[in-house]
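See below for the structure under consideration.
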Amino acid sequence: MSIKLGIIGGGQLAWMMKDAANKLGVELIVQTPSANDPAVSIAQHSIFAAVDDAAATEILATKCDIVTFENEFVDIAALSLLEKQGVCFRPTLAALAPLLDKYEQRCYLRDLGLPVPHFLALSGEKALESQIEKLEFPVVLKARRHGYDGQGTFIIHDFATLSKIVNQSRTQFLVEEFVPFTKELAIIAACSVNGDIVIYPAVETHQEEQVCRWVIAPAEITQEQNLEIEAIAHKLLTSLQYVGVCGIELFLTAEGKILINEIAPRTHNSGHFSLDACETSQFELHLRAVCGLPLTNTGLRCASAMMVNLLGYESSHCNYQKQRQQLASIPQATVHWYGKTEARPGRKLGHITVLLDQDPLNQTRDIVHKIESIWYPPAKTCQNFP
Ligand code: ADP
């Protein structure tokens with residue numbers, strides 16, 4: 001009998017589970033706000049409700065054996081009542097709880113002895129100036145909850161701007177040092193129900209205006225740095241008793257120091273290359289982990305790979321057929337189009353993976369340029385290369 005898996009969230013991360021679900025005989029049932037959301041087309045059944053609607057999750061839970069997450073903006077207090085009544089969440093709510101608020105996440109990582117930037121939570125009680133006196137500008141201001149794709153993250157160069165944003169908003173913020181990184185890295189790790197951990201090759205990610213534009217796999221880092229990152233993943237997943245796939249975003253500094261930026265308790269954009277480039281995709285691995293199946297090989301099937309996000313650059317209902325056809329004709333490329341009915345600036349509409357036979361670094365500029373010049377109007381193509 002097939003496993004029925006409930007997924008809270010029906011965006012592209014749930015949509016990309018479709019092939020693995022078919023392969024493993026897992027039935028997907030999604031809870032997602034809109035009938036236009038990508039995963040509705042691949043789910044056996046959909047419940048249309050916000051991801052933090054715990055009453056809808058209660059209905060979802062009656063239709064499936066296990067509930068997992070593609071979106072962490074959930075109401076954990078309300079869900080914990082369901083967990084007490086026997087609903088099987090994977091990862092468990094105890095594993096998710098320290099990760100949902102960026103400040104609490106930083107505290108959890110620091111208390112585990114893992115490397116994080118200097119940070120503090122802003123309190124409305126004290127004068128702003130005295131709270132940030134230990135940090136130098138620029139600083140990074142982050143909404144503690146519900147930030148994604150750089151929304152809610154601000155790099156701030158002076159006190160007046162900081163004070164304006166903080167005073168005009170009711171959001172709770174975290175402030176941290178600006179890390180002058182030389183590279184941004186990410187790793188996808190998975191942990192099974194038995195505690196077995198597997199890890200994908202570390203990747204280099206490139207963000208513009210806080211949004212990921214492209215990813216190179218594997219990252220060009222030293223053996224020691226690779227081992228250090230793997231040790232971080234092991235310590236974190238073991239401590240959380242985590243089950244499923246988890247993304248870990250990191251900074252690498254000029255001195256070779258590694259700092260954790262953020263933990264995403266789900267499949268992650270930096271692991272999309274695995275769909276085409278790895279023995280097992282991150283989506284299959286997540287299904288395997290949460291369904292209690294053994295974890296399989298995360299190795300690359302090619303020397304290296306690049307993933308470039310296709311971000312919206314206008315408000316439109318266009319399906320971009322012509323650009324997608326041109327992109328698909330790039331050698332060794334696969335275009336993944338999420339089927340969103342509406343494009344908006346910055347919205348993730350799809351991605352393209354290019355498999356490479358050799359070290360990607362000398363080809364990066366050409367590949368990104370080729371893809372972005374097909375996809376974006378001229379002014380929006382990537383200008384900054386590392
Ligand atoms: P989100 O959760 O919205 O993705 P992040 O916290 O991951 O936000 O930040 C998005 C991007 O902003 C990062 O990938 C990085 O480029 C930049 N950034 C975030 N924090 C810092 C920091 N402390 N120092 C320098 N850059 C940062």
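All values reported here derive from a predicted model rather than from experimental measurement. Every number for a ligand or one of its atoms is a count from 1 in the order of the listing.
At a heavy-atom distance under 4.0 Å, only side-chain atoms of Lys142, from C-beta outward, approach ligand 1. Using a 4.0 Å cut-off between heavy atoms, Val140 contacts ligand 1 through its side chain alone, with no backbone atom that close. Under 4.0 angstrom from ligand 1, the non-hydrogen atoms of Asn261 all belong to its side chain. With a 4.0 Å heavy-atom cut-off, ligand 1 is reached by the backbone of Tyr148 but not by any atom from C-beta on. Of the heavy atoms in Glu176, only side-chain atoms (C-beta onward) come closer than 4.0 Å to ligand 1.
Among all non-hydrogen protein atoms, the one lying nearest atom 27 (C) of ligand 1 is Phe251 CZ, 3.6 Å. When hydrogens are left out, the protein atom nearest atom 26 (N) of ligand 1 is Phe181 CE2, 3.6 Å; that is the closest non-hydrogen contact. Looking at atom 3 (O) of ligand 1, its nearest protein heavy atom turns out to be Gly150 N, 2.7 Å. Atom 15 (C) of ligand 1 has Glu184 OE1, 3.2 Å as its closest protein atom, hydrogens excluded (heavy atom only).
Using cut-offs of 30° and 60° on the angle between ring planes, the pair Phe89 and Phe69 is parallel. By the 30° and 60° cut-offs, the orientation of the rings of Phe154 relative to Phe173 is perpendicular. Ring planes of Phe181 and Phe251: parallel class, angle under 30° (limits at 30 and 60°).
Distances below 4.0 Å separate heavy atoms of Phe178 from the following atoms of ligand 1: 24 (N), 25 (C), 26 (N). Against a heavy-atom cut-off of under 4.0 Å, Glu177 is close to the following atoms of ligand 1: 22 (C), 23 (N), 24 (N). Atoms of ligand 1 lying under 4.0 Å from any heavy atom of Lys102, numbered from 1 in the order shown and given with element: 1 (P), 2 (O), 5 (P), 6 (O), 8 (O). For ligand 1, the atoms lying closer than 4.0 Å to a non-hydrogen atom of Gln210 are 10 (C), 11 (C), 12 (O). Here is the list of ligand 1 atoms found below 4.0 Å of a heavy atom in Glu249: 7 (O).
Residues meeting the ring pair (Phe, Tyr, Trp, His ring centres under 6.0 Å) test with Tyr200, sequence neighbours left out: none. In this view, Glu70 and Ile7, Leu13, Ala14 satisfy the side chain to side chain contact (heavy atoms under 4.5 Å, CB included) rule, not counting sequence neighbours.
Counting heavy atoms from C-beta on, the side chains of Ile47 and Lys63 come closer than 4.5 Å.
Selection from Leu250, Thr153, Leu141 by nearest heavy atom to atom 9 (O) of ligand 1 gives Thr153.
Atom CD of Gln241 has 12 or fewer neighbouring heavy atoms from other residues, nucleotides or ligands inside a 6.0 Å radius. Heavy atoms of other residues, nucleotides or ligands lying less than 6.0 angstrom from CD of Gln321 number more than 12.
Two different hydrophobic clusters hold Leu310 and Tyr338 under the rule that ILVMFWY side chains link at heavy-atom gaps under 4.5 Å.
Distances between N or O atoms of Val179 and those of ligand 1 include at least one value under 3.5 Å.
Judged by distance alone, the side chain of Gln31 and the main-chain N or O of Phe48 form no donor-acceptor pair under 3.5 Å.
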